Colleague: 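One structure, pasted below without further comment.
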Amino acid sequence: MTETVQPDWLQGFTPQPNKPPKGWQPGQSGNPLGRPKGSKNRKTQLAEELQKDGSDLARAIKEAALAGDTSAMNLWAQRLEPPLRARAAAVEFELDPDKPLHEQANQVLVAVSEGRVDPETGRMLIDCIHSVAGIRAVDELEARLIALEEKQA
């Protein structure tokens, strides 16, 4: 057998098998004591402070906004008013529920192309038709499974 020759840069190195590894090991906490029990995070502390003086603070911001302070107006609009949600207008067009689902989807596409339905509402309607198709497929598979189980019994 041949002897292993160590390179020059490794000459004199002897591994130390019992030396503890540096850094954290898997499953070892960086802070073994952790946060003290019962301590509150900053969001909870802020929420408690706002409960005490929140209405006075909101009133002051509102007064400043009404006086023309644009920063107060911005703060009021962004933080104190609920965000506006888009609402789709009611649409009316012919949709024959007795036709196959692919023909119903085509009816929606025609309504979109003619401008009777906006594209976003059309997409939502086609998604609904797609969901109904999935439900019908599950119902058909269930009926087939029941029929097969009855044949085997």
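Predicted model only: the values in this text are computed from it and were never measured.
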Colleague: Hey, could you give me the CG/CG distance between Leu125 and Leu95, rounded to the nearest 0.5 Å?
Modeller: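 Here the interatomic distance stands at 8.0 Å.
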Colleague: Once side chain to side chain contact (heavy atoms under 4.5 Å, CB included) is applied, do any residues pair with Pro7, and if so which ones, sequence neighbours excluded?
Modeller: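 Here the qualifying residues are Trp9, Leu10.
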Colleague: Determine whether Lys62 and Leu66 make a side-chain contact, defined as any pair of heavy atoms from C-beta on separated by less than 4.5 Å.
Modeller: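 The answer is yes; the side chains approach within 4.5 Å.
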Colleague: Distance check, rounded to the nearest 0.5 Å: Glu140 atom CD versus Ile135 atom CD1?
Modeller: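 Those atoms lie 12.5 Å apart.
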Colleague: Answer yes or no: is there a donor N or O on one side and an acceptor on the other, between the side chain of Asn41 and the main chain of Thr44, under 3.5 Å?
Modeller: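 At least one qualifying donor-acceptor pair exists.
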Colleague: Identify, with sequence neighbours excluded, every residue that meets side chain to side chain contact (heavy atoms under 4.5 Å, CB included) alongside Glu49.
Modeller: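 Testing Glu49 for side chain to side chain contact (heavy atoms under 4.5 Å, CB included), a comparison that skips the adjacent residues, returns Lys52.
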Colleague: Considering only heavy atoms from C-beta outward, does the side chain of Val132 approach that of Leu101 to under 4.5 Å?
Modeller: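 Sidechains of Leu101 and Val132: in contact.
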Colleague: Test of understanding: with side chain to side chain contact (heavy atoms under 4.5 Å, CB included), list the residues that count as partners of Ala65, not counting sequence neighbours.
Modeller: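 For Ala65, the residues satisfying side chain to side chain contact (heavy atoms under 4.5 Å, CB included) (neighbours in sequence not counted) are Ala72, Met73.
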Colleague: Can I get a per-line list of side-chain donor-acceptor pairs under 3.5 Å for residues 142-153, giving both atom names and the distance, sequence neighbours left out?
Modeller:
none

Colleague: Please check if any side-chain donor atom of Gln78 sits under 3.5 Å from a side-chain acceptor atom of Asn74, or the reverse.
Modeller: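 Gln78 vs Asn74: donor-acceptor pair found between side chains.
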Colleague: Could you tell me the separation between the OG atom of Ser39 and the CD atom of Gln45, rounded to the nearest 0.5 Å?
Modeller: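 Reported to 0.5 Å precision, the distance equals 8.5 Å.
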Colleague: Taking only residues two or more places apart in sequence, or in another chain, which ones meet Asp139 in a salt bridge (Lys or Arg N to Asp or Glu O under 4.0 Å)?
Modeller: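 Salt bridge (Lys or Arg N to Asp or Glu O under 4.0 Å) list for Asp139, sorted by chain: empty.
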Colleague: Pairs in or reaching into residues 100-117: which pass side chain to side chain donor-acceptor pair (under 3.5 Å), with residues at least two apart or in two chains?
Modeller: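 Qualifying pairs: Glu114-Arg116.
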Colleague: Measuring only between side-chain heavy atoms, which start at C-beta, is Ile129 closer than 4.5 Å to Val108?
Modeller: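 A side-chain contact exists here, since the closest heavy-atom pair is under 4.5 Å.
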